[in-house]
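Predicted model only: the values in this text are computed from it and were never measured. Order of the sequence lines fixes the chain letters, A, B, ..., with proteins taken first and strands second; residue numbering starts at 1 for each chain.
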Amino acid sequence: MRILLLLTTILSLSSCIRMDRNVFNNLACDEYLWDNAPIDPYFKVDSTFDIAPENRYLFSLKSDNLGDTATIYAVYLGDTSSIDEDTVIVYMHGNAKNMDYYYQRAKMLANLGHKHRYGVLMMDYRSYGRSTGTPTEENMYADVNACLQWLADRGLTNRRTIFYGFSLGTAPSCKLAHCPCAPITPQKVIIEAPFAGTDVMANDGSGLNMPASFFGDTKLNNAEQVKSIKQPLLWIHGTADNYLSYKTHGEVVWKNYAGTGGKAVPVIGAGHETVPYIMGVKSYCDTLLNFIEK
Amino acid sequence: MKQFAILILIAFSLGCTPTRVIEPLSKGETQIQGHFGGPIIEFAGLTIPIPNTTIAVNHGLTEKTTLSGGLHFTSMAFENWQIDLGVHHGFLTPSGKRPGLTGSLQINALKAMYHPDFRLWPETQLTAYWKVKKSTLFVSPGSWWELASTRAFGEPITNRWLPYVTIGARLPHHSWNFGLDFRYMGMNLENSGKVVYYATPFNKGAAGIYLSATKTIRKKP
């Protein structure tokens, strides 16, 4: 009887926790504050990067992943009436908070070269900002795809599409850059501070060859996905990244890239979030512009 | 960007139990042990030990050799089977200021319940202990050993060991024996770029705190 009780306890304790839902470090909000969002001062770019109110269009759309639907909020910086002519940078943000946190970065992209030069679409994945639903790896891909479909419906073509992924956003950037599931295939891909995959996180965190499957099912497998990217790839990683190691994450991703026209930009002394500021805003913008226009 | 919270418990098999056997049991003696605690991490603004929980059984095979086996409940909660099996041999009994010495070899095995992934790590430990009144004080250096030659994405593994040092005490109270261990592990590994924020003053490795309770369920025949 005691053994039966023990076994019952053991079985009831098992299979009850997986960490997948905790991968996402989202921050919900009721409204977006854009330039008024409380963020680190060094994130602020100067007024030359300001976006005219008529060029900032916040909208929502439905995202469907095999029947799991959610409302996704996204912002388009630029003139929505000329998406069928403009080059558009699809910015997939990192794991922290929501679009407010990345708005300054999106502003830089919109103003590369000169004022309002590029259209920029940025979205909040499920549960980030005002977006509803449950965040998962597959849901994130569906959310980005829904935004790509929104652009495609307005006339955006592969040739005028650039993907830009930062940190967590490098997962949809790498996956959808080659996936037939994506409504648009980008002409070029930019990844900043990419991670190799959750297996590397587990290895690094434990100091042992421990797989991520011991914690969850999320793969976020950039080191594999990047092998299928044939387009030109701009890889940017801070050598002092204290969150995703330059060596175990960044270099592995770059090493696995087998396309043509790629360029690696190691940023000496930059941390996980500080690449534009360590490079200097002008140098950072010039680097992106040269890659996009090449 | 804050840490991926998914990995806060990554260390649950990184030194996830305190020192199992300080001194060998008598032949035929059996103990049951509960352990609680783990490496200290910074999470959600707090500095906390990872709450690993383990139940173990120790059995005196001979007067000098003890066998142990442990089942890790925290791992089970994350859909993994984790056990440890060990043999502990007393080389020296304490006498005056001279410590007793116990050598341990343990196998730590982890199997994901719903994935094919399986890992096995040997662990070696040498424990020096002193009897102070009714209590036992000890210091115990040891290491986990990595058997694989490659890690994720086929990258070579350059570090094959995960050393630690434990200091602790075992304090008897009625029919129980309570333990408090402090462990510093992975002191050869840089913490930067690792997603997990271990709380340590040296930016290397992780410090851990463990509590244990032991009850003898079968005395020497």
Checklist outcome for this item: What one should report as the nearest heavy-atom pair of A:F214 and B:K111 is CE2-C, 4.2 Å
Checklist entry - Does some side-chain heavy atom of A:L208 sit less than 4.5 Å from a side-chain heavy atom of B:R119? => result no
Next on the checklist: Can you tell me which portion of A:A193 sits under 4.5 Å from chain B's heavy atoms? Options are side chain, backbone, both or neither.
Outcome noted: neither
Checklist outcome for this item: For B:H115 and A:D217 the tightest heavy-atom approach is NE2-OD1, 2.7 Å
Checklist entry - What is the minimum heavy-atom distance between B:T150 and A:N209, and which atoms define it? => result O-ND2, 3.4 Å
Checklist entry - How long is the gap from NZ on A:K255 to CZ on B:F153, to the nearest 0.5 Å? => result 11.0 Å
Checklist entry - With a 4.5 Å heavy-atom cut-off, do A:M210 and B:R151 have their side chains touching? => result no
Next on the checklist: If you apply the rule side-chain contact (heavy atoms from CB on, under 4.5 Å), what do you find for B:E155 with A:T248, and how did you get there?
Outcome noted: CA-CA 9 Å; B:E155 293 295 307; A:T248 61; over 6 Å; no
Next on the checklist: Tell me the closest heavy-atom pair linking A:S213 and B:N80, and the distance in Å.
Outcome noted: O-OD1, 4.2 Å
Item to check | Portion of A:K247 that has a non-hydrogen atom of chain B nearer than 4.5 angstrom | outcome: neither
Next on the checklist: Could you measure the distance from the CD1 atom of B:I157 to the CG atom of A:N203? Nearest 0.5 Å is fine.
Outcome noted: 7.0 Å
Item to check | Smallest separation among heavy atoms of B:A152 and A:V200, with atom names | outcome: CB-CG2, 3.8 Å
